[in-house]
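Report on one structure; see the data block that follows.
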Amino acid sequence: MKNIIFIAPPAAGKGTQSSIIEKKYNLPHISTGDILRDEAKKDSELGRYISEVLDNGELVKNEITYELLTNRLSQSDCKNGYVLDGFPRNIEQAYKYDEILKDLNQELGYVLKLDIPQEVLEKRITGRRICEDCGTVYNINSINEKPQTESICDKCGGRLYQRNDDNITSFKNRYDLYIEKTKPLLDYYTEKGILYVINGDASVEEVAERIDKVLKEGM
Ligand code: AMP
């Protein structure tokens, strides 16, 4: 299986869809956001720096992200492909990613872009809740996606939490940053002929089917 990169605005469902692909195709799901959130929990200077950047909806310095990502992609479970969610986020990171892949003897694979209107994203962001144990994502603003019992994970009984950056102010920063920085990235991957645009404004299952179709046709 080829590597997969997801490009999508905040709360578009890239984490959820990456987890579905992870199970279906047995590929590790690597999220730079998750890696950075883990690092932010540490009681260190680096942890405190990352925590502040995340809360403001800005981007963590490239050198830090590159090091953490390269360490993760060098692990043996990534040898046969992976789903990368949250990287690259701008053209500079895309060039760096080409270098990282070259060093690891890996190929780019597919780039999947999820398209969703901004107003839908705003609703999702304020309702998003995540299980602190298994990472399952819920949405309390959606009848189909809310947990059966408030604040408790249906799957494992873990507690649900809200990300610090899941508020409207931080969302607006992250969304504007996404629009500004992804355009050149999309042009870059379109030229390479590996960009697939998927309409992500549908149920989790429908979007997963659309992605599946692209992956099966492209295999
Ligand atoms: P995400 O979970 O993808 O929404 O990412 C959450 C936050 O982590 C972002 O708002 C950034 O602060 C940080 N982050 C994630 N990926 C990157 C990246 N590739 N470069 C810099 N910062 C990142």
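In each ligand, atom 1 is the first atom listed, and ligand 1 is the first ligand listed. When a residue number appears, it is its place in the shown sequence, counting from 1. Values in this document were obtained by computation on a predicted structure and should not be read as measured data.
Numbered from 1 in the order shown, with element, the atoms of ligand 1 that lie under 4.0 Å from a heavy atom of T32 read 15 (C), 16 (N), 17 (C), 19 (N). Each of the atoms 18 (C), 19 (N), 20 (N), 21 (C) of ligand 1 lies under 4.0 Å from some heavy atom of T65.
Distance check: Y97 OH to N3 CG gives 5.0 Å after rounding to the nearest 0.5 Å. Atom-to-atom distance recorded for K172:NZ and I168:CD1 is 5.5 Å, nearest 0.5 angstrom. Atom CD1 of I100 sits about 15.0 Å away from atom OH of Y95, to the nearest 0.5 Å. Atoms CZ and CD1, on R210 and I198 in that order, are 9.0 Å from each other to the nearest 0.5 Å.
In this comparison of G57, G86, P9, A11, the heavy atom closest to atom 19 (N) of ligand 1 sits on G86. Of the candidates L177, N173, I64, L36, the one placing a heavy atom closest to atom 14 (N) of ligand 1 is L36.
The shortest heavy-atom distance from R37 to ligand 1 is under 4.0 Å.
In the model, Y25 has a side-chain atom that pairs as donor or acceptor with a side-chain atom of D212 under 3.5 Å. Under the 3.5 Å distance criterion, with hydrogens and angles disregarded, a donor-acceptor pair is assigned to the side chains of Q93 and N62.
Of all heavy-atom pairs between I140 and R129, the closest is CD1-NH2, 3.3 Å.
By the 3.5 Å distance cut-off applied to N or O atoms, R163 is counted among the residues near ligand 1. Where the criterion is an N or O separation shorter than 3.5 Å, residue side chain and backbone included, L59 fails it with respect to ligand 1. Close N/O approach between D34 and ligand 1 is not found [any backbone or side-chain N/O within under 3.5 Å]. Residue-to-ligand polar distances keep D85 apart from ligand 1: every N/O pair is separated by 3.5 Å or more.
With respect to atom 22 (N) of ligand 1, the closest heavy atom belonging to the protein is V60 N, 3.1 Å. Regarding atom 9 (C) of ligand 1, its nearest protein heavy-atom neighbour is R89 NH2, 3.8 Å. For atom 11 (C) of ligand 1, the closest heavy atom belonging to the protein is E58 O, 3.2 Å. Ranking the protein heavy atoms by distance from atom 3 (O) of ligand 1 puts K14 NZ, 3.0 Å first. What sits closest to atom 8 (O) of ligand 1 on the protein, heavy atoms only, is L54 CD1, 3.7 Å. In this structure, the protein non-hydrogen atom closest to atom 20 (N) of ligand 1 is Q93 NE2, 3.0 Å.
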Checklist entry - How far apart are the C-alpha atoms of K146 and D154, what are their side-chain angles, what is the distance that settles it, and do they pass the salt bridge (charged side-chain N to carboxylate O under 4.0 Å, His left out) test? => result CA-CA 9 Å; K146 61 178 181 190; D154 294 348; over 6 Å; no

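A donor-acceptor pair under 3.5 Å links the side-chain atoms of S18 to the main chain of K14, judged by distance alone.
With contacts defined as side-chain heavy-atom distances shorter than 4.5 Å, the pair Y189/P88 qualifies.
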